[in-house]
J.: 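Dropping the structure in here first, questions after.
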Amino acid sequence: MTLTIALSKGRIFDETLPLLAAAGIVPAENPESSRKLIIGTNREDVQLVIVRASDVPTYVQYGAADLGIAGRDVLIEHGGAGLYQPIDLNIAKCRMMVAVKKGFDYHAAVTQGARLKVATKYPQIAREHFAAKGVHVDIIKLYGSMELAPLVGLADAIVDLVSTGGTLKANNLEAVEHIADISSRLVVNQAALKLKYDTIQPVLDAFASAVPA
Ligand code: PRT
Ligand code: MG
């Protein structure tokens, strides 16, 4: 039985290579330079499918991939239906933050009960965060470059991922609230785990013991 693993290019792929190696899996090609979306490995029974980061849970949910690696941000937005999430891989770490244009008095706006315009790629996370605080918000869904929204008056605040803080700084924004620490998790299709247990369990064990500190 073939084992299919869904991965995204970029930061998650780079940090996943050592974990795959620990499970004895070496990709036959580099997805950054190859245009192929299905990539073989040194193991005849293991293949990788290369998808958008936010599509990983969907491929695994429907069983088009048996395993996948996705950020907690993506998993919260997806909702996690049909997914078993056994291992926090401690990779692609960052923080989900609220940020505003420098000089915007966020705490005053929030305590005055003003209605806040919030631009984000993560409407679910943003909605939950502000609901828990009792802050009224209008969520504006964007697909990228959230940092631009407060600069051009589209929003008062953004909810976005921050790692070095360089992007906020370069755009005259500042983080004003921490929402969650984010890392990537291994996700498994629940039915596949039963049907392909003998193939999947050793991969889970290898990943678990190779998780970076
Ligand atoms: O890029 P694409 O639109 O295809 O998809 P994606 O952005 O969802 O994928 P990718 O590969 O960029 O991110 C995959 C996963 O990496 C995310 O789901 C997160 O779990 C995780 N991750 C870790 C990050 C970051 N760090 C990160 N810094 N994802 C995005 N960023 C972005 C952030 O949105 C902001 O624009 O980087 C910018 C901030 O970085 P700093 O270093 O300037 O603070
Ligand atoms: Mg990106």
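The analysis underlying the following values was restricted to heavy atoms, covering all of them including side chains, and did not include hydrogens, waters or symmetry mates. Both counts, for ligands and for their atoms, begin at 1 and track the order of listing. Positions are given from 1, in the same order as the sequence printed here. Remember, it's a predicted structure, so these values are computed and weren't measured experimentally.
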J.: Find all atoms of ligand 1 within a distance of less than 4.0 Å from any non-hydrogen atom belonging to Thr167, and give their numbers and elements.
T.: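 Atoms satisfying the 4.0 Å criterion: 38 (C), 39 (C), 40 (O), 41 (P), 43 (O).
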J.: Could you tell me, atom by atom, which parts of ligand 1 come under 4.0 Å of a heavy atom of Thr164?
T.: 41 (P), 42 (O), 43 (O), 44 (O)
J.: Has the side chain of Asn90 got a donor or acceptor atom that lies under 3.5 Å from a matching backbone atom of Pro212?
T.: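 A pair under 3.5 Å: yes.
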J.: Should Lys169 be listed as contacting ligand 1, given a heavy-atom distance under 4.0 Å as the test?
T.: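 No.
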J.: Quick check for you: to the nearest 0.5 Å, what is the distance between Leu20 atom CG and Ile69 atom CD1?
T.: 6.0 Å
J.: When you measure from atom 29 (N) of ligand 1 to each heavy atom in Ile158, Leu75, Leu161, which option holds the nearest one?
T.: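 Minimum heavy-atom distance to atom 29 (N) of ligand 1 goes to Leu161.
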J.: Tell me the contacting part of Ala53 for ligand 1: side chain, backbone, both, or neither, using a 4.0 Å heavy-atom threshold, strictly below.
T.: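 The answer is the side chain.
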J.: Which ligand 1 atoms, with their elements, are less than 4.0 angstrom from a heavy-atom of Lys121?
T.: 6 (P), 7 (O), 8 (O)
J.: Select the closest option to atom 4 (O) of ligand 1 among Lys93, Arg11, Arg52, judged by heavy-atom distance.
T.: Arg52
J.: Looking at Ile182, which atoms of ligand 1 are within less than 4.0 Å of one of its heavy atoms?
T.: 20 (O)
J.: List every atom of ligand 1 that sits less than 4.0 Å from any heavy atom of Ile12, numbering the atoms from 1 in the order shown and giving each element.
T.: 14 (C), 15 (C)
J.: What are the atoms of ligand 1, with element, lying closer than 4.0 Å to any heavy atom of Val74?
T.: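 Near Val74, the atoms of ligand 1 are 18 (O).
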J.: Can an N or O of Ser54 be found at a distance shorter than 3.5 Å from an N or O of ligand 1?
T.: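 In fact, backbone or side chain, Ser54 has no N or O that close.
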J.: Counting heavy atoms only, name the option from Leu168, Ile69, Asp73 that's nearest to atom 19 (C) of ligand 1.
T.: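 Heavy atom nearest to atom 19 (C) of ligand 1 belongs to Asp73.
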J.: Show which atoms of ligand 1 fall inside a sub-4.0 Å distance from at least one heavy-atom site of Gly71.
T.: 20 (O)
J.: In ligand 1, which numbered atoms sit nearer than 4.0 Å to a non-hydrogen atom of Glu147?
T.: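 Atoms satisfying the 4.0 Å criterion: 35 (C), 36 (O).
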J.: Which value, rounded to the nearest 0.5 Å, describes the distance between Ile139 atom CD1 and Tyr122 atom OH?
T.: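 Reported to 0.5 Å precision, the distance equals 13.5 Å.
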J.: Between ligand 1 and Lys9, can you find any atom pair, the residue atom being a heavy atom, that is separated by under 4.0 Å?
T.: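 Within the 4.0 Å threshold, so yes.
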J.: Of all heavy-atom pairs between Glu177 and His129, which one has the smallest distance, and what is that distance?
T.: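 Closest pair (atom of Glu177, atom of His129, distance): OE1-NE2, 2.7 Å.
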